[in-house]
2 protein chains.
Amino acid sequence: MTQPPATVREAIRQHYSELTQSERKFANLLLEDYPAAGLASITIVAEQAGVSTPTIARMVQKLGFKGFPQFHRALLKELQAKVSGPTERRANWATEAPDSHLLNRFAKAVTQNLQTTFSNVPSEAFDAAAHLLADTDRPLFIVGGRITHALADYAFTHLQAVRPGVIHLTSSSATWPHYLLDMGPGDTLLMFDIRRYESNLLRLAELARDRGVEVVLLTDQWSSPVAEIATHSFNCWVEIPSAWDSNVSTLMLLEALIAAVQEEAWPETRERYERLDRLFELTRLFRRPGGH
Amino acid sequence: MTQPPATVREAIRQHYSELTQSERKFANLLLEDYPAAGLASITIVAEQAGVSTPTIARMVQKLGFKGFPQFHRALLKELQAKVSGPTERRANWATEAPDSHLLNRFAKAVTQNLQTTFSNVPSEAFDAAAHLLADTDRPLFIVGGRITHALADYAFTHLQAVRPGVIHLTSSSATWPHYLLDMGPGDTLLMFDIRRYESNLLRLAELARDRGVEVVLLTDQWSSPVAEIATHSFNCWVEIPSAWDSNVSTLMLLEALIAAVQEEAWPETRERYERLDRLFELTRLFRRPGGH
DNA sequence: CCCTTTATGAAAAAATCTTTCCACAGTGGC
DNA sequence: GCCACTGTGGAAAGATTTTTTCATAAAGGG
């Protein structure tokens, strides 16, 4: 027999699979704005979640409460416990885990990295880089290093959906000369180079530059030597309590760039997306979307 | 004109002299057990204070509230403010760019996602999953979907450095049956499935489960159907102002998992890292580290 | 000691909240 | 294309909470 969950949060997690679409709407809202979104009366709570009161009533029963009032009291009790609780912890993460838990240390470091990274992005350079990446007159080559080739891959998958003429240089540098053959003045090369910087990436950048290629670089806070060559280069803070470097901030900047590119060329992109969708439909690769 | 008091506590102090004996009874109780003594319904609150409901009703009006519900909400709001504490997101990002710049909107959304994701990770499940992934007696298979195969790739690159017996299932599902052949009871399968959920991933998970494989799943906030099958599944918040989903929080959770795995088996891992380093030296793949 | 004033709570009335019932829309199976 | 089924919300019924009314008790002044 399973013991009753300690928190409402826990209860939602346990029963999430049984919840219907509308019920999840409220569940999601509550998880995002916890516990505030559940503290008003059922009428107001339902309204805020955009569902009807019976939906909320049914859901709290699924969670194991006898009725909404009981659910309400449970939330209230948690909130009080949190305040009177031992540490009166500052941040919202944690919930149950002690501050020294790896998760918390990690969260702290990553958040710090994101913040610093963002503060240090010059917005004009960002806009200019996005413009370059969005320009369909310029073929776009993408390449990453030993670790970052996953990021390059991610960039490729998304940018390919957004615009034509995107080429992914495979991680084996032996094949790079072939790609160099096709690069010409005005082309764009998106590179990732995080320490330890790879000499063949530098060599590639030099050769590309010699052919008039514009290089956009995502690197770490210490800057790869490729930065000297690049038209635009962005520094991402990567330090975490670990033997290796985090790429969360790099991914975030990459996603921001992709979003900017997509925004820049929306009409065509939209049409491209729709075509892509239809193609997927045809190949029946996907189930119907789950949430939403 | 006196400004309205910031807290209920303050209001009580200001109006204490006007309060009658019975009203003070409740006022004292509330100040002693603040704010709990005021959070229930007026009936219960009155009972606990040993006075009648009209007494409470009259008193809260003296304090400047229109009625008990308003008083109740005020207390609640204070409590919430205390919990969320000095989060007070400063506009530290940005620096020069206006708030509406894509970068800022993006930063906001991603930070929100990270925070929500972290708050919703149950630490025991996290520890258990890390333990599973660290167990070198269990071969570890890794697989991702159309978009997430980049994440799977990233996971593979790192985990391979940490432990032996890591296998990356290529993104072409045609080859998966071959891998299934090698899976046996106790093996571990690390999966990524973000909407739109892919039916072949679900099928793979089912087949793996049937062979006694433990499935660890990283999915989005709406949960892939694979969650029903998985031993441990984690929800990552992925919504950003864009047509597609962000994988920043997913990557962060993945990195946290990798860090936990690495920490768990540090002595061997360290030795492995050093061997890897020497091998790289030999092949002269890398320049010397740049910064630091 | 009486009268006025104020404080208090029981009980009714009003307002609000919660639950139940039911019809309808949408989905998927046959 | 029909049928069964599930999910959903409108609306009524039921429960609870809040407010108001009012009778009574207590306190203080003459």
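Here is the naming used below: chain letters follow the sequence lines, and residue numbers restart at 1 for every chain.
Rounded to an integer number of Å, the gap from CZ of A:Phe68 to P of C:dC17 is 11 Å. For A:Phe71 and C:dT18, the CZ to P distance is 11 Å, given to the nearest whole Å. At whole-Å resolution of the value, NE2 in B:His72 and P in C:dC17 are 12 Å apart. To the nearest angstrom, C1' of C:dT18 lies 16 Å from CD of A:Glu47.
Defined by atom type and a distance below 3.5 Å, a donor-acceptor pair is missing between the side-chain atoms of B:Thr148 and B:Asn247. Donor-acceptor pairing under 3.5 Å is lacking for the side chains of B:Trp244 and A:Glu255. Neither side chain, B:Gln221 nor A:Tyr16, offers a donor N or O lying under 3.5 Å from an acceptor on the other. Between the side chains of A:Tyr154 and B:Asp153, no donor-acceptor pair of N or O atoms lies under 3.5 Å. For the residue pair A:Thr55 and A:Ser52, a side-chain donor N or O sits within less than 3.5 Å of a side-chain acceptor on the partner.
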Once each nucleotide of nucleotides 6-12 of chain C is scored for protein heavy atoms under 4.0 Å, what B/S/- sequence comes out, 5' to 3'? -SBBB--

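The pair A:Glu263-B:Arg105 counts as a salt bridge, with a side-chain nitrogen and a carboxylate oxygen less than 4.0 angstrom apart. Here A:Glu10 pairs with A:Arg13 in a salt bridge; the nearest charged N to carboxylate O distance falls below 4.0 Å.
Reading DNA chain D from its 5' end, the first and the last nucleotide to sit under 4.0 Å from a heavy atom of chain A are D:dG7 to D:dA11.
Between its two ends, the helix from C:dC1-D:dG30 to C:dC30-D:dG1 turns its axis by 10°, counting five pairs per end and rounding to 10 degrees.
In this structure the side chain of B:Ser233 never reaches within 4.5 angstrom of the side chain of B:Glu228, judged on heavy atoms.
Checked against B:Lys62 for a side-chain hydrogen bond (donor to acceptor under 3.5 Å, both in side chains), the options B:His15, B:Glu18, B:Glu23 give a single hit: B:Glu23.
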Side chain to side chain contact (heavy atoms under 4.5 Å, CB included) between A:Leu30 and A:Val8: does it pass, once the steps are laid out? CA-CA 10 Å; A:Leu30 180 56; A:Val8 174; 4.2 Å; yes

